[in-house]
Enquirer: 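Before we start, here is the structure in question, set down as structure tokens.
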Number of protein chains: 2
Amino acid sequence: MSADTDQGAVDVAWLSAAQQQDWAALVRLVMTLPAALDAQLKRDAGVNSFEYHLLANLATAPDRTLVLSDLAEAAQGSLSRLSHAITRLERAGWVERRACNDRGRRVEARLTDAGVAKLEEMAPGHVREARRLVVDVLTPEQLAALGEAARAITAVTLAEAPEACRELGDC
Amino acid sequence: MSADTDQGAVDVAWLSAAQQQDWAALVRLVMTLPAALDAQLKRDAGVNSFEYHLLANLATAPDRTLVLSDLAEAAQGSLSRLSHAITRLERAGWVERRACNDRGRRVEARLTDAGVAKLEEMAPGHVREARRLVVDVLTPEQLAALGEAARAITAVTLAEAPEACRELGDC
DNA sequence: ACGTTTGGGTTGAACATTCAAGTCACCTCC
DNA sequence: GGAGGTGACTTGAATGTTCAACCCAAACGT
């Protein structure tokens, strides 16, 4: 269809049988693991994993506060997605927005006490799920290898994520 | 909040520093890799990865045809999500629905010739992206280890996926 | 001083996904 | 031979995400 992206079929090396197996396993992983984690959070705490990550990121930030664009980068989401999400969290009383007098038009989000409480309430269940689905089903060596592979891959994907390119100064 | 799920904070073993590192790397992986793959497909072919998987699954099925519930299971999505997605693909002319005279109220989806063409047009780009983001950044041993870990994890997550429990006879 | 550009956010409409309800065909069991 | 189940979808409304447009404040250039 789109005639401009037609370097199309020029000689793409296909994958070996073993590579295909591993690729397929990875695809199944990235399809089912986030879904499972999301389901647990939704069921037990009524938040989705993006919102969870927002709260978690704020909790570890100095003064439980972050400028929105930094938070967006940390949680790997667009500013728009973040803005909508913060609106929901604000409505729930877990974070509050406030303009920072600093410079420009920046806004920062701060985790409220209720937000801290909420996070402390749901963190154990989340960790339990992380153990049950990942940590406990792998040997220590397997987990280490998985982490290493994940770091190698995200070295590429993070460098290209529209939100994170500032970190590497390449855009 | 929900007082019934309150085995809450009872003594959850937290993760070691190394485990936390690996867990965090995995989380970043499952946040960014699907997003990157999705973006490539959307940009170059105008479909999302769920739709791509539907077409790919149909392409390898006998007579390029699958009963919807089997397809939903294969692509790890709810029947409802599938139904909406098939409607879109049908509108684009890449698949067609037809009742199968078989028994019950089953419906099957068949990949049309246009669908085959579309898939052949976009597969190379997708494979190239898979190489670029995953296969080529890992050593063969790392890829194999990743595949192994992924299989261990999905052994749990797939067994619990509401759509896939039939396979293991546990529901 | 005054336009222009850039950075940082917000907003609303379009689109995708989920959730709950509804439909229809077949089966089973009084 | 109806009454109630069950399996396999469909549908519409609610929710979440993306996309494009917009707004405002500060910095830059002349």
Side-chain angles (χ1 to χ4, degrees), chain A residues 31-32 34-36 38-43 46-54 65-92 95-109 161-166 169 171, chain B residues 31-32 34-36 38-43 46-54 65-92 95-109 161-163 165-166 171:
Chain A
M31 303 205 97
T32 60
D38 229 78
Q40 183 270 325
L41 283 171
K42 203 72 166 278
R43 177 167 38 76
V47 302
N48 61 34
S49 39
F50 186 60
E51 292 162 341
Y52 179 83
H53 284 297
L54 297 182
T65 299
L66 279 173
V67 172
L68 290 197
S69 20
D70 297 343
L71 182 53
E73 184 181 331
Q76 291 301 309
S78 67
L79 210 41
S80 170
R81 184 186 187 185
L82 177 66
S83 185
H84 286 298
I86 291 283
T87 301
R88 296 194 296 272
L89 295 177
E90 208 175 10
R91 213 165 356 236
V95 309
E96 54 195 18
R97 260 185 250 247
R98 45 187 210 194
C100 60
N101 29 13
D102 170 70
R103 79 151 57 84
R105 229 199 140 189
R106 308 184 165 213
V107 175
E108 50 192 27
E163 290 80 23
C165 43
R166 202 182 333 161
C171 75
Chain B
M31 302 206 99
T32 59
D38 231 76
Q40 182 271 325
L41 283 171
K42 204 73 166 275
R43 176 166 40 77
V47 302
N48 61 33
S49 40
F50 185 61
E51 292 163 340
Y52 178 83
H53 283 298
L54 296 181
T65 300
L66 280 173
V67 172
L68 291 196
S69 18
D70 297 345
L71 182 53
E73 185 183 330
Q76 292 299 311
S78 68
L79 209 40
S80 172
R81 183 186 188 185
L82 177 66
S83 186
H84 286 297
I86 291 283
T87 300
R88 294 193 298 270
L89 295 178
E90 209 176 8
R91 220 172 340 244
V95 308
E96 54 195 19
R97 262 186 248 247
R98 45 186 209 195
C100 60
N101 28 14
D102 172 68
R103 77 152 61 84
R105 227 198 141 188
R106 309 183 163 213
V107 175
E108 50 193 27
E163 291 79 22
C165 44
R166 204 180 333 159
C171 76

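Chain letters run A, B, ... following the sequence lines, proteins first, then strands; residues in each count from 1.
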Enquirer: Nearest heavy atom decides the nucleotide; on that basis, is A:R88 or B:L68 closer to the 5' end of DNA chain D?
Expert: B:L68
Enquirer: Side chain of A:L79: nearest nucleotide among D:dT11, C:dT10, D:dT17?
Expert: C:dT10
Enquirer: One pair to check against side chain to side chain contact (heavy atoms under 4.5 Å, CB included): B:I86 and B:V107. What are the steps and the verdict?
Expert: CA-CA 11 Å; B:I86 291 283; B:V107 175; over 6 Å; no
Enquirer: For a quick check of understanding: with a heavy-atom distance under 4.0 Å over all strands, which category does A:R105 fall into, base, sugar-phosphate or nothing?
Expert: base
Enquirer: Between C1' on D:dT10 and CG on B:L89, what's the gap in Å once rounded to a whole number?
Expert: 16 Å
Enquirer: Taking atom C1' of D:dT17 as reference, at what distance in whole Å does atom CG of A:N48 sit?
Expert: 10 Å
Enquirer: Is a donor-acceptor contact shorter than 3.5 angstrom present between the side chain of A:H84 and the base of C:dG9?
Expert: no
Enquirer: Calculate the interatomic distance between A:R43 atom CZ and C:dC19 atom C1'; express it in whole Å.
Expert: 16 Å
Enquirer: Looking at A:S69, I'd like to know whether one of its side-chain N or O atoms comes within less than 4.0 Å of OP1 or OP2 on C:dG7.
Expert: no
Enquirer: For residues B:A85 and B:L54, report the shortest heavy-atom separation together with the two atoms involved.
Expert: CB-CD1, 3.8 Å
Enquirer: From CZ of B:R81 over to C1' of D:dG16, roughly how many Å is that when rounded to an integer?
Expert: 13 Å
Enquirer: Atom CZ of B:R97 to atom C1' of D:dA8: distance rounded to whole Å?
Expert: 12 Å
Enquirer: Could you check which of D:dT17, D:dA8, D:dT11 has an atom nearest any side-chain atom of B:R106?
Expert: D:dA8
Enquirer: Rounded to whole Å, please give me the gap between CG in A:D38 and C1' in C:dC19.
Expert: 15 Å
Enquirer: Please assess A:L41 against A:E51 for the test side chain to side chain contact (heavy atoms under 4.5 Å, CB included), listing each intermediate value before the final yes or no.
Expert: CA-CA 10 Å; A:L41 283 171; A:E51 292 162 341; over 6 Å; no
Enquirer: Which is more 5' along DNA chain C, the nucleotide nearest A:S80 or the one nearest A:K42? Just name the residue.
Expert: A:S80
Enquirer: On a heavy-atom basis, which atom in A:K42 and which in A:N48 lie closest, and how many Å separate them?
Expert: CD-N, 4.4 Å
Enquirer: Just by distance, no angles: are the side chains of B:T87 and B:R97 close enough, under 3.5 Å, to form a donor-acceptor pair?
Expert: yes
Enquirer: Can you check the A:L82 CG to C:dT10 P distance for me, whole Å?
Expert: 8 Å
Enquirer: Taking atom P of C:dA16 as reference, at what distance in whole Å does atom OH of B:Y52 sit?
Expert: 19 Å
